[in-house]
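Right, one structure below, let's go through it.
When a ligand or atom number is given, it counts from 1 through the structure's own listing order. Residue numbers run from 1 in the order of the sequence given.
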Amino acid sequence: MTAKLDPEDLQPVAGGGLLHRRLLLKSGLVLATAAAAGSTHAASDAPAQKITEDLASPSWMRTPGQPFTTYGKPSKYEARVIRSIGANRDLPSNGVSWTPLESLEGIITPSGLHFERHHNGVPEIDPAQHRLVIHGLVKQPLMFTVDSLLRYPMQSHLIFIECGGNSNAGWHEEPIQRPLGSFHGLVSCSEWTGVPLAVLLDQAGIDPKATWVIAEGADAAVMNVSLPLAKLMDDAIVALYQNGERIRPENGYPLRLVIPGFEGVTNVKWLRRLQLTSEPVMARNETSKYTELLPSGKARQFTFTIEAKSLITSPSAFQKMFGANIYEIRGLAWSGRGKVAKVEVSADGGKSWAEAALQEPVLSRCFTRFRMPWSWDGSPAILKSRATDETGYVQPERDVLVKERGRNGYFHYNGILAWGIDEDGVISHVYA
Ligand SMILES: Nc1nc2c(c(=O)[nH]1)N[C@H]1C(S)=C(S)[C@@H](COP(=O)(O)O)O[C@H]1N2
Ligand SMILES: [Mo]
């Protein structure tokens, strides 16, 4: 198959065998020859007789299939694609579950695999009894039922949500060896649909003295945070739908705040109260948590915006390489400041870089999928990816980030992730 390729296309454009991204546009050729991690070899290599045998009807073609279902589930053969759970041993309702990023494709996270972060479990809220109240520095306090909110004009946006604590293993002295999703998977991307918050705030009539909004959830944690009013007026939505259906209980049913580009904790789930004020409330999650002590002794606070980040999802730890071949390097990039402008990939540990292909659509504050053809010669390699967003911000190398933020870092880790691949094709997380 490779014979059909223009030899020019197989000229590396950077160290370690990175090929030009235009190769991905050449209809199917690369896919036919690439041994993508997880597969064996291209079926077209099989002898004709084998192909005919394989066509003989399998058991499932000889009896009628399963009947209809009222709500579909993934194939039983995909049963291993699940969230991994990291709950507090003494308080199992406090913790996280991680999106298995390495097992997913495209830019949408299936709702059932959206990561979870709960401070005290998932409340079972009866939507008929739930209320959203807007009060404080407003001309007219308002109380909404869920049904009344469902009647407002709505908007949909594809938006990622990332916990500020995502990837915090990156601060560890030694690289953690876990599947990608179980240390970088506190980030997911959904289509969120709901009512622009500005519409509801305008209806309440904002007192000019108001600058902050305290948002509170109806969970047993009664989690609350302070949010800058200007950002909420700009693009926050009171979301009622996630990927076309009503929000899952874990993600905030019957309604949650979605604040594009802001760290997860600000996206208050099970939203029940918005109080307009002139100063922040100094809640636990904006003082003792989700703040960062810097080497100078000062702490960063209200670091709402998620900086640009990218991850190579394949090849990644615990996947398999199948010898020297042409691979498609696949990954995700995002930025809380807007669109991803470019993603560069390195196969030689960051000595040289080449630009990956960005898959359309490339949207603001949404996952962007990138792809890069790579001719692996079977010798040790170190893969990295580096995102640049439309503001010109470039994802930093890990050592630069650690130097800048010090050893007390816990939140907002967005250092470049490196995968080391040895001559046996074993992939591990490395600091390089
Ligand atoms: N009411 C309430 N809202 C909440 C939380 C919570 O525990 N209670 N967790 C916050 C945190 S820290 C994050 S990262 C996101 C996670 O959203 P998800 O569980 O839908 O992924 O919700 C935020 N909103
Ligand atoms: Mo979070």
Side-chain angles (χ1 to χ4, degrees), residues 83-88 91-101 108-125 130-133 159-168 181 183-192 194 213-227 236-243 245-275 281 283-292 302-306 309 334 336 367 410-414:
R83 299 188 279 224
S84 48
I85 297 173
N88 184 311
L91 184 64
S93 56
N94 183 13
V96 297
S97 73
W98 309 80
T99 294
L101 295 171
I108 305 288
T109 309
S111 299
L113 294 175
H114 194 287
F115 87 89
E116 300 166 273
R117 168 77 183 103
H118 317 311
H119 288 77
N120 200 359
V122 179
E124 250 181 51
I125 298 179
H130 187 75
R131 300 286 182 271
L132 171 64
V133 168
I159 297 291
F160 75 81
I161 295 179
E162 179 174 21
C163 176
N166 192 26
S167 313
N168 66 57
F183 68 108
H184 282 294
L186 297 185
V187 62
S188 304
C189 188
S190 297
E191 184 194 52
W192 296 103
V213 178
I214 301 161
E216 181 183 272
D219 50 341
V222 200
M223 204 207 74
N224 65 344
V225 288
S226 313
L227 303 161
I237 62 170
V238 173
L240 294 135
Y241 293 85
Q242 173 183 11
N243 296 329
E245 64 182 353
R246 295 291 294 278
I247 295 178
R248 293 283 170 102
E250 304 92 287
N251 304 114
Y253 184 87
L255 48 100
R256 82 176 301 168
L257 269 182
V258 172
I259 311 181
F262 267 29
E263 64 181 335
V265 69
T266 65
N267 293 248
V268 176
K269 300 189 282 189
W270 316 297
L271 182 68
R272 70 174 214 125
R273 200 161 70 87
L274 293 166
Q275 181 183 0
V281 67
R284 176 178 183 267
N285 276 340
E286 58 204 35
T287 50
S288 104
K289 304 289 172 189
Y290 298 101
T291 52
E292 299 116 61
F302 302 120
T303 45
F304 294 123
T305 305
I306 294 287
K309 186 157 159 182
W334 62 95
F367 273 176
Y410 182 84
F411 297 103
H412 286 266
Y413 181 91
N414 71 328

- Task: Verify whether one side chain among His114 and Glu250 offers a donor that lies under 3.5 Å from an acceptor in the other.
- Result: no
Contact check: Arg256 vs ligand 1, nitrogen or oxygen atoms, below 3.5 angstrom
yes
Rounded to the nearest 0.5 Å, the CG atom of Asn224 sits from the CD atom of Gln275 at a distance of 9.5 Å
Closest to atom 21 (O) of ligand 1 among protein heavy atoms sits Phe115 O, 2.6 Å
In ligand 1, the atoms that come under 4.0 Å of a heavy atom of His118 are 7 (O)
- prompt: Is any side-chain heavy atom of Tyr410 less than 4.5 Å from a side-chain heavy atom of Glu292?
  reply: no
Report task. Report the C-alpha separation of Phe115 and Trp98 in whole Å, then their side-chain angles, then the decisive distance to 0.1 Å, and conclude whether the ring pair (Phe, Tyr, Trp, His ring centres under 6.0 Å) test is met. Result -> CA-CA 5 Å; Phe115 87 89; Trp98 309 80; 8.6 Å; no
Backbone or side chain, does any N or O of Trp270 fall under 3.5 Å from an N or O of ligand 1?
-> no
Please determine whether any non-hydrogen atom of Ile161 lies less than 4.0 Å from an atom of ligand 1. no
Determine yes or no for a side-chain-to-main-chain donor-acceptor pair under 3.5 angstrom, with Asn243 supplying the side chain and Thr109 the backbone.
yes
Exercise. Mind checking whether Asn285 and Met223 have side chains closer than 4.5 Å, heavy atoms only?
Worked result: yes
Under 4.0 Å between heavy atoms, the region of Glu263 that gets near ligand 1 turns out to be neither
- Message: Evaluate Cys163 for polar contact with ligand 1, using N/O atom pairs at a separation under 3.5 Å.
- Response: no
Report task. Look at the side chain of Arg83 and the backbone N and O of Gly112, then say whether any donor-acceptor pair between them is shorter than 3.5 Å. Result -> yes
Are more than 12 heavy atoms from other residues, nucleotides or ligands located less than 6.0 Å from atom CD of Glu124? no
Short side-chain to backbone donor-acceptor contact, Arg272 and Glu216, under 3.5 Å
no
A student comparing Ala220, Ser93, Gly264 should find that the heavy atom closest to atom 15 (C) of ligand 1 comes from Gly264
Exercise. With no hydrogens and no angle check, do the side chains of Asn168 and Tyr413 hold a donor and an acceptor under 3.5 Å apart?
Worked result: no
The answer for which part of Asp219 has a heavy atom under 4.0 Å from ligand 1 is side chain
heavy-atom search around atom 3 (N) of ligand 1 in the protein gives Lys269 N, 3.0 Å
At a 4.0 Å cut-off, with the gap strictly under it, does some heavy atom of Glu162 reach an atom of ligand 1? no
Numbered in order shown, the ligand 1 atoms found under 4.0 Å of a heavy atom of Gly217 are 1 (N)
Heteroatom distance test (Tyr290, ligand 1): nitrogen or oxygen, under 3.5 angstrom: no
Near His119 (heavy-atom distance under 4.0 Å), the atoms of ligand 1 are 5 (C), 6 (C), 7 (O), 9 (N), 12 (S)
Between Trp270 and Val222 (side chain of the first, backbone of the second, donor and acceptor by atom type, cut-off under 3.5 Å), is there such a pair?
no
Task: Sub-3.5 Å N/O-N/O distance, Arg117 and ligand 1 - done: yes
the protein heavy atom lying closest to atom 24 (N) of ligand 1 turns out to be Asn267 O, 3.2 Å
for atom 5 (C) of ligand 1, nearest protein heavy atom and its distance come out as Met223 SD, 3.3 Å
